[in-house]
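I have placed the structure first, in the form of structure tokens, so that the comments after it can refer back to it.
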Amino acid sequence: MATSRYDYEEAPGTYDDANRQDIGYDPNFVPDSVKSFVVHLYRHIREKNVYEIHQMYEISFQTLSDRLFKDTPWPSVDAVAHYVDNDQVFCLLYREMWFRHLYARLSPTLKQRIDSWDNYCSLFQVVLHRVVNMQLPNQWLWDMVDEFVYQFQSFCQYRAKMKNKTEQEIALLRQFDQAWNVYGVLNYLQAFVEKSNIIQILEQEKEGGEQFTATDGYDYSGGSNVLKVLGYFSMVGLLRVHCLLGDYQTGLKCLLPIDISQQGVYTSVIGSHIATIYHYGFANLMMRRYVEAIHEFNKILLYIYKTKQYHQKSPQYEQILKKNEQMYALLAICLSLCPQVKLVEETVNSQLREKYGEKMARMQRYDDEAFAIYDELFSYACPKFITPSAPSFEEPLVNYNQDAYRLQLKLFLYEVKQQQLLSGVRTFLKVYSTISLGKLANYMEVDEATLRSILLTYKHKTHAVDSDGKIISNADVDFYIDDDMIHVVESKSVKRYGDYFLRQIVKLEGVITDMDRVKLE
Amino acid sequence: MGRETPKQQQVSYTVEQLVAVNPYNPDILPDLENYVNEQVSSQTYSLDANLCLLRLYQFEPERMSPQIVARILVKALMAMPAPDFSLCLFLIPERVQMEEQFKTLIVLSHYLETGRFRQFWDEAAKSRHIVEAVPGFEQAIQTYAIRVLSLTYQKIPRPVLAEAINIEGLSLDKFLEHQAANSGWILEKGHGRGQLIVLPRNEFNHPELKKSAADTVPLEHITRIFPILG
């Protein structure tokens, strides 16, 4: 699984760390429990016992890692290969887990990063070009895509810190310039999407032609789920990579075939569900579609609140909590820029008040302190943006790993600054039903021409253009101008009677059904 | 893997097809650059193709053409109120944005985003070489200005309109006549201070026109209770 270390400054993978890795580590020593593990896992994969595979993958692997490999790698693939008939595919899968464990518990060296890339290439080539006859649990398939993108992101961060690179590292970087190349990463994800035909499958499913979501992606007609599900998760992978590059529009386009208003295979794995909505919400935030972002963050934060207790023992727990906190920060930002509290559910709102109530009040003051808080929350919650291009090997070597992040932050704060005066307008509009331009200009201590500009800004910023070109107003308080008079329009929250009755009808039916079941003695 | 494109293409793909089917491919960079120039000369626009190109520039900065990037940004400005300009900026390295022509474009965008039309037209006049390189620029910005004004005003004083669309005097008279004849604008006499222009009614400047979405219930929700009613 992708590690829970989303810190900006990653521990450097120097040669010293490699030595620390090697202390007390014999790659050829295979404890009995590991032998038993690979033998059983191999058998279950051959026999397509998805449930058993899942148990071993999720639980046994973690237990053994905690017990025997707390800070060393697992035995090398060469040492275990003969227990599993030297099966090529199993060895590739084992190696994938081996590297994932390394990234999670230790610091990979440059050579190891490159070797991991090679392993992914080999594994993906097999899935893309050969007929693979396995059924693997969705958890595992999601982890593969997630980890692939994570290691790419990690490599870009690592590579961008050129200042303290040793000569050997620079030589390796020059030699293996194809490793974790951005074209390679994107094209593998794209290849999965295309080769699996997943977009057409999802289309046909809507018309009743195919079965995919209904079976959670599993193939019950004797085939394999691997390519299809990897293709599906790769769409989320593409969204994620595009967010890391700062291309939010294309990222959202890649996700389009997945209908996030419904359950789907993406909700079958909690990690995938959270990653999807986190990046979807973030992309919408950067595209100024605040209402959409608030809507989705609200849904998932409520979902996590209700279900996180069930994941307490899982290795993803820490990561779930971290993403939860980050999304609260993003929600705080969205609501400060677009005050629409009625979009937020009660439970989520009270959590939000607890965590960020004070900060949100200060953000809406739009003074210097406010910008500092916007900066803080954005920096805490944003994805780890990357510079995808190859480094310059010219002297002097510099660290440029923060460049991408700084650009996104700068542009975000620029947008916040443009909305600075709107808060003042809102306050006044809430108090008056009509007011002349002259009077309001006086109160706001600006001249009339400036006030007209501010009012136009308000209209422009609160009326976003959605993906279909329609104008959507997210203004909580609105107005129109008649010559030199401002008329305020309060958007009342209208009671949704229809919905209310529907809910009560369904509820009553449920109660009656329950009562019918009660046998009177 | 990944960098291959068919050596002999029997079917020639349109640029849009390339962007949809094979976007992560350094070989299509020249096609995308040509496409930008085509958009400029034929007054068409494709955000997706331009984002694709900006991405490729991001992957291989040494191949970036500042002239092409400037054109993309001008086209994006013309797409307002869509946020295309900032979507493009997200993909352009900071040091490139510091160059003079890009700083000017960012300032122009800032003025448009904050309703400062007078400052915008003043600055645009100083940077003719940038904006005149793209036909249709003036009309596009005027269209945007009218759009924002239509969200805001039921009735707008003539000088305010004039400043926003940068048309005055007789040209403005002609323009207003044309709009009155074709777009439902009404010209009124303001109280002593000259003309008032009544803009067409829409749900944003006439809130009573807002369709009350809250009272409608979509059919899919009703289907939930069909089993109960049946």
Side-chain angles (χ1 to χ4, degrees), chain A residues 121 124-125 182-184 186-188 190-191 245-250 253 286-288 387-389 403 406-408 410-411 414-415 418 449 452-457 459-461 463-465 469 471 473 478-484 487 489 491 493-499 502 505-506 509, chain B residues 1-3 21-26 47-48 51-52 54-55 58-61 81-84 86-87 89-94 97 110 113-118 148-149 151-157 160 163-164 190-191 196 203-207 212 214-217 221-222 224-225 227-228:
Chain A
C121 288
F124 291 165
Q125 299 276 12
V182 65
Y183 288 115
L186 284 168
N187 279 310
Y188 268 120
Q190 178 78 353
L245 297 172
D247 187 353
Y248 307 107
Q249 162 99 351
T250 311
K253 255 196 147 189
M286 297 304 269
M287 291 182 72
R288 308 185 211 158
T387 307
S389 51
D403 285 5
R406 270 208 304 261
L407 175 61
Q408 302 300 311
K410 178 178 173 185
L411 292 172
Y414 192 69
E415 177 64 33
Q418 281 179 348
R452 286 189 192 270
S453 289
I454 295 172
L455 293 172
L456 283 179
T457 311
K459 277 288 188 175
H460 170 59
K461 294 292 189 190
H463 289 71
V465 181
I471 303 177
S473 163
D478 211 344
F479 67 91
Y480 63 88
I481 306 180
D482 185 345
D483 191 4
D484 65 346
H487 298 257
V489 182
S491 71
S493 77
V494 187
K495 276 206 180 294
R496 301 180 67 98
Y497 292 113
D499 269 3
L502 280 173
I505 291 172
V506 172
E509 186 65 17
Chain B
M1 119 127 254
R3 279 188 180 236
V21 165
N22 197 3
Y24 315 120
N25 176 3
L47 176 65
D48 285 334
L51 288 176
C52 189
L54 290 176
R55 270 199 318 265
Q58 211 191 25
F59 300 165
E60 295 175 88
D84 296 8
S86 51
L87 293 183
L89 279 190
F90 287 133
L91 294 173
I92 300 171
E94 207 172 334
Q97 293 188 28
H110 178 71
E113 286 283 337
T114 54
R116 294 181 168 103
F117 289 107
R118 186 181 52 79
V148 170
L149 294 175
L151 295 179
T152 314
Y153 289 91
Q154 283 188 359
K155 299 186 186 176
I156 180 173
V160 175
E163 191 179 82
H191 33 264
L196 261 189
E203 70 183 89
F204 303 108
N205 64 4
H206 281 262
S212 190
D215 284 345
T216 59
V217 183
H221 292 189
I222 306 273
R224 261 193 291 154
I225 62 168
I228 302 172

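Note that these values count all heavy atoms, side chains included, but never hydrogens, waters or copies made by symmetry. In what follows, chains carry the letters A, B, and so on, assigned in the order in which the sequence lines appear, proteins first and then strands, with residues in each chain numbered from 1.
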Open item on the list: Between B/Asp48 and A/Gln249, is the side chain to side chain contact (heavy atoms under 4.5 Å, CB included) condition met? List the steps.
Closed with: CA-CA 8 Å; B/Asp48 285 334; A/Gln249 162 99 351; 3.6 Å; yes

Task: A/Met287 vs B/Phe90 side-chain heavy atoms within contact, under 4.5 Å - done: no

Open item on the list: Heavy-atom pairs under 4.5 Å with chain B - which of A/Lys461, A/His487, A/Arg406 has more of them than the others?
Closed with: A/Lys461

Open item on the list: Between A/Thr387, A/Val182, A/Ile454, who has the most heavy-atom pairs with chain B when the cutoff is under 4.5 Å?
Closed with: A/Val182

Task: Spacing of NZ belonging to B/Lys155 relative to OH belonging to A/Tyr480, to within rounding of 0.5 Å - done: 10.0 Å

Task: Spatial distance of atom CG (A/Leu456) from atom CG (B/Leu151) [nearest 0.5 Å] - done: 9.0 Å

- [ ] Determine the option with the most heavy-atom pairs under 4.5 angstrom with chain B, choosing from A/Asp403, A/Thr457, A/Asp482, A/Ile481.
- [x] A/Ile481

TODO: Could you tell me which residues satisfy side-chain contact (heavy atoms from CB on, under 4.5 Å) with B/Pro81, sequence neighbours excluded, listed by chain and number?
DONE: A/His460, A/Val465, B/Tyr144, B/Arg147

Open item on the list: Please give me the minimum heavy-atom distance between A/Ile471 and B/Phe204, naming the atom from each residue.
Closed with: CG2-CZ, 3.7 Å

- [ ] Say whether, by atom type as modelled, one donor and one acceptor occur between the side chain of A/Asp483 and the main chain of B/Leu196 under 3.5 angstrom.
- [x] no

Task: A/Phe479 side chain reached by B/Thr152 side chain, heavy atoms, under 4.5 Å - done: yes

TODO: Please tell me if the side chains of B/Pro23 and A/Gln190 come closer than 4.5 Å, counting only heavy atoms from C-beta onward.
DONE: yes

Task: Most chain A-contacting option - heavy-atom pairs closer than 4.5 Å, from B/Glu113, B/Arg116, B/Gln97, B/Arg118 - done: B/Glu113

Open item on the list: Please find the pair of heavy atoms, one from A/Ser389 and one from B/Phe59, that lie closest to each other, and give the distance.
Closed with: CB-O, 3.4 Å

Task: Closest-packed option against chain A by number of heavy-atom pairs under 4.5 Å, given B/Gln58, B/Glu163, B/His206 - done: B/Gln58

TODO: Name the option with the most non-hydrogen atom pairs under 4.5 Å to chain A; the candidates are B/Leu89, B/Ile156, B/Leu54.
DONE: B/Leu89

- [ ] Identify which part of A/Tyr414 has an atom lying under 4.5 Å from any heavy atom of chain B, answering side chain, backbone, both or neither.
- [x] side chain

Task: Side chain proximity check, B/Ser86 to A/Arg288, heavy atoms < 4.5 angstrom - done: yes

Open item on the list: In the structure I gave you, are the side-chain heavy atoms of A/Arg452 and B/Pro157 within less than 4.5 Å of one another anywhere?
Closed with: yes

Open item on the list: With a 4.5 Å cut-off on side-chain heavy atoms, are B/Leu149 and A/Lys459 touching?
Closed with: no

